[in-house]
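Report on the following structure.
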Amino acid sequence: MIIKDKVIKYGSNVDTDVIIPARYLNTTKEEELAAHCFEDLDVDFKNKAKSGRIIVADDNFGCGSSREHAPIAIKASGIKLIIAKTFARIFFRNSINIGLPVIASPEAVENTSQGDELEVDLDRGIIKNITTGEVFKVNPVPGFIREIISSGGYINYTKKKL
Amino acid sequence: MAEKEENIKPMTMAQKILAWHCGVEYLNTGELVNANVDLVLGNDITMPLAIEEFKKIGVDKVFDREKIAIVPDHFTPNKDIKSAEQCKYIRDFARQQDISNYFEIGKMGIEHALLPEQGIVLPGDLIIGADSHTCTYGALGAASTGMGSTDAAVAMATGTAWFMVPETIKFVYGGKLKKWVTGKDLILYTIGLTGVDGALYMSMEFTGPAITALSMDSRFAMCNMAIEAGGKFGIIEFDDTTKKYLEGRHTRPYKVFHADADAKYFKTYEINCEDTELQVSLPHLPSNAVNAKDLGNIVIDQVVIGSCTNGRMEDLAIAAEIIKGKKVNGRIRTIIIPATQQIYMDAMEKGYLKTFVEAGCAVSTPTCGPCLGGHMGILAEGERSIATTNRNFVGRMGHPKSEVYLSGPAVAAASAIAGRIAVPEEVI
Ligand code: SF4
């Protein structure tokens, strides 16, 4: 799977309360969640997401609550991929479980700026910054997790196994 | 109760409990495993999503109706029509599946105070919950962690979940706690040392003489906030205090594990409690811990005493001791939320609730309420609250331009009297 898109860049410790504030958690509807995504962090997110569909962030992305509504809101906003230096544990597995690709690469984050264009080959673990010409390699995901992603999420994976 | 393990490489608490639940003798850190879980938990925010996902899997029945807990505690008693719909959805599911641990309003308490109190979570258990503070139950010597709704859905169908066997950081607390200092101060201080991602993906073992001397309520408060350091588990080994707590309470037999003396730790921190002062974490990260007495004049608009961190008897007892016979500052709102119905009743019998109401506090039925900016005490733009809760992220208690300062019950109660952040000595 290859993802080619522009970058929206954020800092460290982006928590799930700013990704989707709790006041909107009285629903599970994707489009409603997407409507409020990042509204306490970046009022311009919806505009940016029209032309940039890769989020790049520093450390501990998605820290805080276990709400799966957070990666759902991001995915439903049209975001195709998140690259961060590190991810909070629950957010990381939630993203995998719903089929939103996440890559940890401090190197790629250091060398990517707001608005850069990236081309990412998920299967081979290659991140290419088209704007700067730089290329970064990441560790391939463990087989078991790759199986979850290629099944289209943890539910489909489980269905196949049962 | 622990059996003698021979010829096996040394393991931490996390390794031992995971290995037991995988039916193997040894697990190395970094291994990806599928393990059997003892309990799957969800609430009125995460359970609707988990049920929707569960229904997609295509099984009719949950794997074990006694190993699922559903607690509608976040937006309850229903704060609006949408929340009412969510609660109705999980209630219908609980009835249809005949879930034994479903707690209706009137019996409900904040999940992480309620499940230990009811003897549903026990030492040696492997527990997952669709709520990040599920790590609280580690205080009983269990391996317990928060996951998402999809993980809960799959576990409800299969009774299993996938784990990476974590490394462990050991924290050794020595010395005697100062007056008013509780587990909350120790954990805020600790997160100040590690940072909010210092224990990312790892298990945290809290040990040492000061932990042995610590009450069960304070132990819950510490393990509760392991997630605020990025941790997967926060574990305190079973001892006499745990044993006493479980007497007459545990609903089934349990198994006790101890870490091996020569187990390998990623890192060890030594903390001298003699030097640990009452703590306050400044906005907007739990790791911004400072000594409460060194803070200048920080005027507040609201005090919240409650939540899964500090809504237990010990917390209410400390607050009542400080507030008794006084009036809370007339300019601010003080909201006190006992975490469960049992705590509510015990506090009533002890006269704490009377003390609070006479002092001008609002006392609420158990709910998460303001802790996550749900209801029952939302902040307006520019307002500031000190709270015994566990997160002070931007917008956590209301308006994105409001502020939350985190503390234990003593500082929160003293601040309620002073109308600014204060330590007990300033108001007694
Ligand atoms: S009290 Fe707060 S932190 Fe605890 S479960 Fe409720 S919302 Fe979450």
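Reminder, nothing fancy here: chain letters follow the sequence lines and each chain counts from 1.
For A:Lys9, there are no salt bridge (Lys or Arg N to Asp or Glu O under 4.0 Å) partners two or more places apart in sequence or in a different chain.
Only the side chain of A:Ile148 comes within less than 4.5 Å of a heavy atom of chain B; its backbone N, CA, C and O stay farther away. When heavy atoms are compared at a cutoff of 4.5 Å, B:Leu32 approaches chain A solely by way of its side chain, counted from C-beta outward. At a 4.5 Å heavy-atom cutoff, the contact between B:Leu200 and chain A is made by side-chain atoms alone. Heavy atoms of B:Glu85 lying under 4.5 Å from chain A are absent altogether. Using a 4.5 Å cut-off between heavy atoms, A:Thr158 touches chain B through its side chain atoms alone. Contact of A:Phe87 with chain B is made through backbone and side chain together, with heavy-atom distances under 4.5 Å. Contacts of A:Tyr154 with chain B are made by both backbone and side-chain atoms, with heavy-atom separations under 4.5 Å. Only the side chain of B:Leu285 comes within contact range of chain A, with at least one heavy atom under 4.5 Å from a heavy atom of that chain. Both the backbone and the side chain of B:Tyr201 have a heavy atom closer than 4.5 Å to some heavy atom of chain A. Using a 4.5 Å cut-off between heavy atoms, A:Leu25 touches chain B through backbone and side chain atoms alike. With a threshold of 4.5 angstrom between heavy atoms, A:Asn13 approaches chain B through side-chain atoms but not through N, CA, C or O.
Options B:Ile227, B:Ile81, B:Asp44, B:Val196 differ in how many heavy-atom pairs under 4.5 Å they form with chain A, and the most are formed by B:Val196. When B:Val154, B:Thr46, B:Leu372 are compared by the number of non-hydrogen pairs under 4.5 Å with chain A, B:Val154 comes out ahead.
Side-chain contact annotation: B:Asp131 with B:Thr134, donor-acceptor N/O pair under 3.5 Å absent. Looking only at atom types and distance, the side chain of A:Asn129 has no donor-acceptor partner in the side chain of A:Asn111 under 3.5 Å away. Between B:Ser203 and B:Glu167, the side chains place no donor N or O within less than 3.5 Å of an acceptor N or O (distance only, hydrogens not considered). Side-chain atoms of B:His133 and B:Thr309 include no donor-acceptor pair closer than 3.5 Å. Residues B:Glu52 and A:Thr28 have side chains that bring a donor and an acceptor to within less than 3.5 angstrom of each other.
Contact check for B:Cys371 versus B:Arg396: side-chain heavy atoms found under the 4.5 Å cut-off.
Taking the centre and axis of the six-membered ring of A:Phe45, the NZ or CZ atom of A:Lys48 falls outside the cone set by 45° and 6.0 Å.
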